[in-house]
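This report concerns only the one structure given below.
Below, read A as the first sequence line, B as the second, and so on, with proteins coming before strands; counting in each chain starts at 1.
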There are 2 protein chains.
Amino acid sequence: MKAETRRLTRKSDHTRQRILDAAASTLANRGYAGTSIKAIADSIDMQDASLYYHFESKDALVLEVLRTGVVLSEEAVNAAVSALGEQPDPIDALRAAIVAHAEAVLGMGDYPRANVRNFGQLPQEIVSAQMSHQRRYGKVWRNLIEAAMASGRLRQDMNTRAMRMLILGALNWAPEWYKPRGELSPGDVGRQMAAMIIEGLLATGAAQPVRRQKQGNGR
Amino acid sequence: MKAETRRLTRKSDHTRQRILDAAASTLANRGYAGTSIKAIADSIDMQDASLYYHFESKDALVLEVLRTGVVLSEEAVNAAVSALGEQPDPIDALRAAIVAHAEAVLGMGDYPRANVRNFGQLPQEIVSAQMSHQRRYGKVWRNLIEAAMASGRLRQDMNTRAMRMLILGALNWAPEWYKPRGELSPGDVGRQMAAMIIEGLLATGAAQPVRRQKQGNGR
DNA sequence: GCTTTGTTCTAGCGTACACTAGAAAATGTT
DNA sequence: AACATTTTCTAGTGTACGCTAGAACAAAGC
C-alpha cells in the first residue's frame with residue numbers, strides 16, 4: 001500500500017517510531033552524510049529495503065527527525081515561559097527560555113541534538129524544506145530578547161541579533177562537551193549558562209550562587 | 001615517487017597547497033562525510049587520482065586541514081595575548097583571546113571553520129589523531145580562565161569548565177550566522193561577544209559602548 | 001637527443017550507497 | 001479454512017565512493 005494512501009493509523013506506527021528514533025540517533029552522532037539507511041535499519045534489526053515501506057526516501061525521514069527536533073525545543077521553551085504567568089518579568093522569561101533550551105538539547109534525547117549538530121551541513125533542499133520551522137523558533141527568541149531590550153533591562157549598546165546568537169551558540173555547543181554521567185544535570189547546565197550569560201563572568205556583589213537541583217529523567 | 005621519500009621541497013608544493021585550500025573549503029561547507037576526493041579535485045580542475053600523488057589518503061588530507069585550523073587559531077590567540085605585554089591584566093587577556101578566536105574563526109578562511117564545523121562528526125580514528133592539538137589549544141584557554149579566576153576578578157560560583165565552554169560555544173557557533181558582507185567585521189563581532197560574555201547582557205552603569213573598527217583583510 | 005625525475009592522466013577494482021521489484025511471510029477478517 | 005491486507009524479506013539496479021596500476025606527459029640535467 002502506498003504511504004500516501006495510508007491515512008488510518010495502524011500498528012505499524014510503532015515501527016515507524018522506532019525508525020525515527022534510530023535515525024535521530026545516528027543523525028546526532030554521525031551527521032547527515034554519515035547516516036546511511038542501512039545503518040539505521042541494522043540498529044533496529046531490519047533490512048534496509050523494509051524501511052521504504054514507512055518512508056519514501058532518506059530525505060523524507062531526515063526531514064521528519066529535524067522537524068521533530070525544532071518542535072520539541074520550541075514547545076519546551078514556550079512551556080517554560082508560559083509557566084511564569086501572564087506578564088512575566090522579561091529577564092525571568094529569558095532565563096527560563098535559556099534553561100528550557102539547554103534541557104531540550106541536552107536531556108530530550110537525540111532529536112534536538114540531531115538538529116543542532118547537523119545545522120550548516122545539510123544539502124540545500126533539506127535546508128529550505130526545514131527553513132519555516134527554524135524561522136518560527138527563531139522568532140520565539142527574537143521576541144523574548146526584544147521584549148527584554150525594550151524594557152530597558154538589557155544593555156542598549158549591543159544589537160539583539162548578536163545577543164540571540166551568543167545565547168543559542170553557547171547552548172547549541174553544549175552537546176559537544178556535556179557528559180550525561182557527570183555531576184551536572186541538563187537543568188544545572190542551563191541555570192549556570194543563564195547566570196553567566198545574563199549577569200556576565202565578572203565577579204560582582206550582586207552575583208548569587210546557582211542552586212544545583214536533582215536531575216529529571218531525559219525522554 | 002613515494003610521498004615518504006620526497007623530502008626536498010619542489011614546485012609541487014604549490015599544488016599541494018591548492019589541494020589543501022580546496023579541501024578546507026569543502027570540509028567547512030559540506031562536512032567530513034560530504035567531502036569527496038572527486039569534489040576536491042574537480043574544484044581545482046584536477047583528476048581525483050592525481051591527488052594521491054600529494055596525499056596518501058583522504059584521511060591524511062583531512063587531518064592536515066584540521067591540524068592547520070587549530071594551529072592558526074592557537075597562534076592567533078597566543079599572539080593577541082602576548083601583545084599585551086609581560087603581566088597583562090587577566091581580564092584584558094581573556095578579552096583579547098576572545099577577539100582573536102572570533103577573528104580566526106570568522107576571518108581566517110576555511111581552515112579554522114573546517115575545524116569547528118566538523119567537530120563531533122569525525123570518524124573515531126581522525127578524532128584521536130587530532131586529539132593532541134585540540135588538547136593543547138584547550139589548555140591555552142584553561143590557563144587564561146584559571147588565571148582570571150585566581151585573580152578573583154571572575155565570579156567564583158561557576159566552574160571554569162562551564163565558562164570555557166560558554167565562551168568557545170558562542171564563538172564557534174558564529175560561523176553559522178555571520179555574514180562577511182554585513183556591517184560587522186570579524187573583529188567587531190569578537191569585541192561585541194567579549195563585552196557580552198564578560199560583562200553580561202544586563203544594563204548597568206558600568207557598561208561602555210563597543211567601538212566599531214575598520215575591517216582588516218581576512219587570512 | 002637522451003635519460004632521469006617529477007606530475008598528471010586514463011582505466012578500472014571493490015565496496016557502499018539510495019532505492020526498486022516482486023516474492024514471501026505475517027496479520028487480520030469473515 | 002479461505003481470503004485479503006499489511007509488513008518484511010531476498011535480490012538486484014545504477015551510481016558514487018576511496019583508492020590502485022601503470023601509461024602518458026612534462027621538465028631538467030647531461
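- Rounded to whole Å, atom P of D:dT20 lies 11 Å from atom CD1 of B:I37.
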Are any protein N/O atoms closer than 3.5 Å to N/O atoms in nucleotides 9-15 of chain D? If there are, list each pair with its distance.
from: D:dC9; atom 1: OP2; to: A:Q47; atom 2: N; distance (Å): 3.1
from: D:dC9; atom 1: OP2; to: A:S50; atom 2: OG; distance (Å): 2.9

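- Between the OG1 atom in A:T160 and the CG atom in A:L166 there is a gap of 12.5 Å [rounded to 0.5 Å].
- Rounded to whole Å, atom P of D:dT20 lies 15 Å from atom CZ of B:F55.
- Here the shortest heavy-atom pairing between A:L66 and A:A114 reads CD2-O, 4.0 Å.
- A donor-acceptor pair under 3.5 Å links the side-chain atoms of B:N118 to the main chain of B:L27, judged by distance alone.
- The shortest distance between the side-chain N/O atoms of B:H54 and the OP1/OP2 oxygens of C:dG6 is not below 4.0 Å.
- When the side-chain nitrogen and oxygen atoms of B:T15 are compared with OP1 and OP2 of C:dT8, one or more of them lie within a distance under 4.0 Å.
- Atom pair B:Y32:OH and D:dC17:C1' shows a separation of 11 Å (rounding to whole Å applied).
- Between B:Y137 and the options B:H101, B:R142, B:E74, a side-chain hydrogen bond (donor to acceptor under 3.5 Å, both in side chains) holds for only B:H101.
- One interatomic measurement links the two molecules: CG of A:D42 to C1' of C:dA16, which rounds to 12 Å at whole-angstrom precision.
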Test log, rule side-chain contact (heavy atoms from CB on, under 4.5 Å), inputs A:D42 and A:K38: CA-CA 6 Å; A:D42 278 356; A:K38 174 137 198 316; 3.0 Å; yes
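- In this structure, B:L51 places its CG atom 11 Å from C1' of C:dT8, rounding to the nearest Å.
- For the pair A:K38 and C:dC17, the criterion of a side-chain N or O lying under 4.0 Å from OP1 or OP2 is not met.
- Between B:I40 atom CD1 and D:dC17 atom C1' there is a gap of 12 Å when expressed in whole angstrom units.
- If you measure from atom OH of B:Y52 to atom P of C:dC9, you get 15 Å, rounded to the nearest angstrom.
- Within 6.0 Å of the CZ atom in A:R161, the count of heavy atoms belonging to other residues, nucleotides or ligands exceeds 12.
- Ring centroid separation for the pair A:F119 and B:W173 comes in under the 6.0 Å cut-off.
- One atom, OH of B:Y53, and another, P of D:dA21, lie 17 Å apart when rounded to the nearest Å.
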